[in-house]
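If you're wondering where the values come from, they're calculated on a predicted model, not measured in any experiment. Numbers here simply count residues along the sequence, with the first being 1.
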Amino acid sequence: MNDEYLGKTFKSGNSVALRLPKGLGIPEGTEVRMVMEAPMSFRVQPAVAPKRKIDVSGFAGKMPGFKAAPREDFEERPSAIARRKALLGN
């Protein structure tokens, strides 16, 4: 295993970017946290992201023949209620 890689920064939008070589074994799409330890010295570690919840209220009714089961065990967000009413024309 090679412990040293050479890279070059480049501009990406308003950021400076650095490609991570495939040889480091970091899977594509991995969210990382970068911690500056000293000037030009960084520690990169996986970011622990909370599980994401998906609001299906905007597209659940678009499948022909599909009827969602009523959910009475939670209160909907006011924004979800307003959006559903706007989509249904109520």
- Query: Between CG of Leu20 and CD1 of Ile26, what distance do you get to the nearest 0.5 Å?
  - Reply: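 Separation between the atoms: 4.5 Å.
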Can you list every pair that meets side chain to side chain donor-acceptor pair (under 3.5 Å) and has a residue in residues 19-33, with sequence neighbours left out?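 Listed by first then second residue: Glu31-Arg52.
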Check: Considering only heavy atoms from C-beta outward, does the side chain of Leu24 approach that of Tyr5 to under 4.5 Å?
Finding: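 Touching, per the 4.5 Å side-chain cut-off.
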Do Lys11 side-chain atoms and Gly13 backbone N/O form a donor-acceptor pair below 3.5 Å?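 A pair under 3.5 Å: yes.
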key: Residues, nucleotides or ligands: over 12 heavy atoms within 6.0 Å of Met34 CE   =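 No, because the 6.0 Å sphere around CE of Met34 holds 12 heavy atoms or fewer from other groups.
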